[in-house]
Amino acid sequence: MVAYIEEEIHYAAHAMKRTLMTGYADGYLIIFLEKPHESGQENQINFLDLIERRLGNLLPEVVLSWGIGDHAEGFKGFSSSFQHAKAALEIGRMKKGPGHRMDYRDTRADRLLLQLAKTEGMKDIILSTIQPLVEYDQQRQMDLIGTFSAYNHYQGNVSQTARALNLHRQSLLYRLRKIESLTGLSLVDPDDLFLLELCVRTYRIRATESNDA
């Protein structure tokens, strides 16, 4: 399967008149694509679009996730580009699930959260805020953390959140009250909302990194 996908990758590079190097290690298909001086981000986008169109017709059951690294000069640049692409891939899977693309340049906020998650003071804040929700979710299988993320995504709109989660309005309101009681935070206070969102996102980044270690 990997060899077949590599054939399609080389075909796409040939069609775009780009030189290419590929490799396969630790479950990652690694691609180094030539970047002409005049080209920008569309170089990678057009390349991946071509690959996915062909593979979508030939292998519709295969789901591909892509991490896009940045361009780096010199021999050491290969390692740097790969590490950045790998980081983008894992963040993309965490945020969007499989079958999506993530560019390293679009992960600045997530990388900042990852650095915050490594500081001792931030760890204490995250755990003291999130742990009651985590423990309740484990005991009751209610996904309060996911409920809060959806509620915040829809900017506090209860009706939209309930539809997105396929919940009755009263069930959603019960969950929201439970989040407030467990965390001691108010979901109508901007500072409390900011703190809870920061802790949830940082907690998820830490969990993803731990799973990948």
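- Between Leu195 and Ile125, the closest side-chain pair of non-hydrogen atoms falls below 4.5 Å.
- For the 3.5 Å distance criterion, the side chains of Glu52 and Trp66 qualify, holding a donor opposite an acceptor.
- Using a cut-off of 4.0 Å between Lys/Arg side-chain N and Asp/Glu carboxylate O, Asp106 and Arg101 are scored as not salt-bridged.
- The backbone N or O of Lys178 lies less than 3.5 Å from a partner atom in the side chain of Ser181, making a donor-acceptor pair.
- In terms of heavy atoms, Gly99 sits closest to Ser65 at N-OG, 2.9 Å.
- Hydrophobic clustering (side-chain heavy atoms under 4.5 Å, transitive across Ile, Leu, Val, Met, Phe, Trp, Tyr) groups Ile51 together with Ile5.
- The two residues Ala85 and Gly69 make their nearest non-hydrogen contact at CB-N, 3.4 Å.
- Here CG of Asp103 is found 11.5 Å from CD1 of Ile91. Values are rounded to the nearest 0.5 Å.
- Summarising the geometry, atom CG belonging to Leu144 is positioned 9.0 Å from atom CG belonging to Leu176; distances are rounded to the nearest 0.5 Å.
- Looking at Ser81, its side chain never comes within 3.5 Å of a backbone N or O of Phe78 through a donor-acceptor pair.
- Just one residue in the list Thr129, Leu113, Thr183 forms a side chain to side chain contact (heavy atoms under 4.5 Å, CB included) with Cys199, and that residue is Thr129.
- A 6.0 Å sphere centred on NE2 of His10 holds more than 12 heavy atoms belonging to other residues, nucleotides or ligands.
- Cation-pi geometry between Arg54 and Tyr11 is satisfied (NZ or CZ under 6.0 Å from the ring centre, within 45° of the ring normal).
- With rounding to the nearest 0.5 angstrom, the OG1 atom of Thr22 is 4.0 Å from the CD atom of Glu6.
- Electrostatic pairing of Glu180 and Arg177 does not count as a salt bridge here, judged by no charged N lying under 4.0 Å from a carboxylate O.
- Note on residues 119-165: no pairs pass ring-ring contact (aromatic ring centres under 6.0 Å, His included), not counting sequence neighbours.
- When atom types are taken as modelled, the side chain of Gln141 and the backbone of Gln138 share a donor-acceptor pair closer than 3.5 angstrom.
- Within the 4.5 Å cutoff, the side chain of Val200 has no heavy atoms near those of the Asn152 side chain.
- Side-chain contact between Glu61 and Leu59 is present, with at least one heavy-atom pair separated by less than 4.5 Å.
- Here CZ of Phe32 is found 10.5 Å from CG of Leu20. Values are rounded to the nearest 0.5 Å.
- Side-chain atoms of Asp110 and Arg201, non-hydrogen and from C-beta on, do get closer than 4.5 Å to each other.
- At least one donor-acceptor pair closer than 3.5 Å links the side chain of Asp192 to the backbone N or O of Ser186.
- In the hydrophobic clustering of ILVMFWY residues, with side-chain heavy atoms under 4.5 Å counting as a link, Met102 and Tyr28 come out apart.
- Leu165 is connected to Leu187 through a chain of hydrophobic side-chain contacts under 4.5 Å among Ile, Leu, Val, Met, Phe, Trp and Tyr, so both are in one cluster.
- Hydrophobic clustering places Leu196 together with Val134 (ILVMFWY residues linked when any side-chain heavy atoms are closer than 4.5 Å, directly or through intermediates).
- Taking CG from Leu29 and CD1 from Ile31, the interatomic distance works out to 5.0 Å, rounded to the nearest 0.5 Å.
- How far OG1 of Thr107 is from CG of Leu112: 11.0 Å, rounded to the nearest 0.5 Å.
- Taking every heavy atom of both residues into account, Phe47 and Met16 meet most closely at CA-SD, 3.4 Å.
- When each of Met21, Lys17, Arg18 is tested with Glu34 by the rule side chain to side chain contact (heavy atoms under 4.5 Å, CB included), just one qualifies, namely Arg18.
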Verdict with reasoning, Thr161 to Leu172, per side-chain contact (heavy atoms from CB on, under 4.5 Å): CA-CA 8 Å; Thr161 305; Leu172 174 60; 3.7 Å; yes
Give the C-alpha distance, both sets of side-chain angles, the deciding distance and a yes or no for side-chain contact (heavy atoms from CB on, under 4.5 Å) between Arg53 and Leu50. CA-CA 5 Å; Arg53 280 199 302 271; Leu50 179 55; 3.7 Å; yes
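- Here Asp143 does not pair with Arg175 in a salt bridge; the nearest charged N to carboxylate O distance is not below 4.0 Å.
- The shortest distance between side-chain heavy atoms of Leu64 and Leu55 falls below 4.5 Å.
- Hydrophobic clustering of Ile, Leu, Val, Met, Phe, Trp and Tyr side chains at less than 4.5 Å, counting indirect connections, unites Val2 with Ile9.
- Within a 6.0 Å radius of CG in Asp124, other residues, nucleotides and ligands contribute more than 12 heavy atoms.
- For the pair Met142 and Thr147, the tightest heavy-atom approach, listed with the atom from each and the gap, is O-OG1, 4.1 Å.
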